[in-house]
Student: 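Please see the structure below; I have some questions.
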Amino acid sequence: MTTPDTPTTDDVTPLIEALKALANPVRLQVLQWLRAPEEHFPVNEVGVCVSHIQAKTGLAQSTVSAYMAVLERAGLVRSARVGKWTHYKRDEERIGRLIEELGQYIGDADLAKKLARS
């Protein structure tokens, strides 16, 4: 039974996808680095080049590209192409909304059931 305060599955899907993206420790670390990119990477106005992220993680380029794609699909980062390179920045607006959504739903028992089914 759905009450006005109970989120529907469609309402929590973006939240679930973002949490799944953050469940990987490397993706979470990259998102943390991108919070203050100038402390961790050479930065330009476009963002951080994927090659710099790859070098810092020590992972294969294909792995880093896949990780960044997951973060982008979850709406946590935005990408911009510059020539053959992709640059990334955090999407601070989306991250703020995610934090708000999580705060609203974290005490919802029905959400836990929906998360378990996903």
Side-chain angles (χ1 to χ4, degrees):
M1 173 184 243
T2 302
T3 66
D5 293 335
T6 304
T8 65
T9 303
D10 290 341
D11 291 341
V12 296
T13 298
L15 176 62
I16 292 167
E17 292 307 313
L19 292 173
K20 286 178 182 178
L22 295 173
N24 178 287
V26 174
R27 289 191 298 255
L28 181 59
Q29 180 66 66
V30 169
L31 201 61
Q32 289 172 329
W33 289 334
L34 291 176
R35 183 173 187 192
E38 63 284 345
E39 294 177 15
H40 304 283
F41 304 102
V43 180
N44 62 41
E45 65 280 350
V46 180
V48 176
C49 182
V50 70
S51 65
H52 297 299
I53 298 170
Q54 185 269 323
K56 189 157 179 83
T57 62
L59 298 172
Q61 182 274 330
S62 59
T63 301
V64 173
S65 291
Y67 283 176
M68 297 310 294
V70 169
L71 290 172
E72 187 168 23
R73 279 193 303 275
L76 301 172
V77 299
R78 293 183 182 182
S79 67
R81 293 285 294 185
V82 178
K84 67 178 186 171
W85 302 106
T86 304
H87 292 71
Y88 291 94
K89 285 184 174 181
R90 286 170 42 124
D91 185 335
E92 297 297 341
E93 184 179 316
R94 170 64 182 124
I95 291 170
R97 285 194 318 268
L98 171 66
I99 292 167
E100 287 178 22
E101 291 167 13
L102 187 59
Q104 289 173 3
Y105 298 136
I106 198 72
D108 185 343
D110 290 338
L111 176 65
K113 292 174 189 172
K114 291 173 187 172
L115 288 171
R117 288 193 299 255
S118 297

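Residue numbers count from 1 along this sequence.
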Student: Checking R27 against V70 for the side-chain contact (heavy atoms from CB on, under 4.5 Å) test, could you report, in this order, the C-alpha distance in whole Å, the side-chain angles of both residues, the deciding distance, and whether it holds?
Tutor: CA-CA 9 Å; R27 289 191 298 255; V70 169; 3.7 Å; yes
Student: Are V30 and Y88 packed together at the side-chain level, in the sense that at least one heavy-atom pair is separated by less than 4.5 angstrom?
Tutor: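 Heavy-atom side-chain distance check fails, nothing below 4.5 Å.
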Student: According to a hydrophobic-cluster definition based on side-chain heavy atoms being under 4.5 Å apart (Ile, Leu, Val, Met, Phe, Trp, Tyr only), do F41 and W85 belong together?
Tutor: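 In one cluster with F41: W85, no.
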Student: Indicate if L71 and L102 have the same hydrophobic cluster label, given that clusters are the connected sets of ILVMFWY residues with side-chain heavy-atom separations under 4.5 angstrom.
Tutor: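 L71 clusters together with L102.
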Student: Just how far is it from atom CD1 of I95 to atom CZ of R90, taken to the nearest 0.5 Å?
Tutor: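 Rounded to the nearest 0.5 Å, the CD1-CZ separation comes to 3.5 Å.
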Student: Which of parallel (below 30°), tilted (30 to 60°) and perpendicular (above 60°) describes H40 and W33?
Tutor: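 Ring orientation of H40 relative to W33: tilted.
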Student: Within this structure, what is the CD1-OH distance for the pair I53 and Y67, rounded to the nearest 0.5 Å?
Tutor: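 One gets 13.5 Å once the value is rounded to the nearest 0.5 Å.
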Student: Step by step, would you call E72 with R94 a salt bridge (Lys or Arg N to Asp or Glu O under 4.0 Å)?
Tutor: CA-CA 11 Å; E72 187 168 23; R94 170 64 182 124; over 6 Å; no
Student: If every non-hydrogen atom of S65 is compared with every non-hydrogen atom of V50, which pair is closest and at what distance?
Tutor: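 Reported closest heavy-atom pair: OG-CG2, 4.3 Å.
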Student: Apply the test salt bridge (Lys or Arg N to Asp or Glu O under 4.0 Å) to residues R97 and E100: give CA-CA distance (whole Å), side-chain angles for both, the deciding distance (0.1 Å), then the verdict.
Tutor: CA-CA 5 Å; R97 285 194 318 268; E100 287 178 22; over 6 Å; no
Student: Of all the heavy-atom pairs spanning P42 and H52, show the shortest one and how long it is.
Tutor: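 Looking at all heavy atoms of both residues, the closest pair is CG-CE1, 3.6 Å.
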Student: Say you draw a straight line from NE2 of H87 to OG of S51; how long is it, rounded to the nearest 0.5 Å?
Tutor: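 So the gap between those two atoms works out to 7.0 Å.
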Student: Flag yes if more than 12 heavy atoms outside R78 fall under 6.0 Å of its CZ atom; otherwise flag no.
Tutor: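 Check fails, neighbour count at 12 or below.
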Student: Should L34 and V82 be counted in the same cluster of Ile, Leu, Val, Met, Phe, Trp and Tyr side chains packed under 4.5 Å apart?
Tutor: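 L34 and V82: separate clusters.
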Student: Under the side-chain contact (heavy atoms from CB on, under 4.5 Å) rule, what do L15 and Q104 come out as? Steps first, then yes or no, please.
Tutor: CA-CA 11 Å; L15 176 62; Q104 289 173 3; over 6 Å; no
Student: Between L76 and L98, is the side-chain contact (heavy atoms from CB on, under 4.5 Å) condition met? List the steps.
Tutor: CA-CA 9 Å; L76 301 172; L98 171 66; 3.9 Å; yes
Student: Identify the two heavy atoms, one from K89 and one from V46, that lie closest to each other, and give their separation to 0.1 Å.
Tutor: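 In this case the closest contact between K89 and V46 is CE-O, 3.4 Å.
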Student: Locate the shortest heavy-atom distance separating A18 from A74; write the atom from each residue and the value.
Tutor: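 That would be CA-CB, 3.8 Å.
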Student: What's the shortest heavy-atom distance between L22 and L28, and which atoms?
Tutor: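 Taking every non-hydrogen atom into account, O-CB, 3.8 Å.
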Student: Keeping the roles fixed (side chain from Q54, backbone from L59), state whether a donor-acceptor pair exists under 3.5 Å.
Tutor: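 Pair found, side chain donor or acceptor close to backbone of L59.
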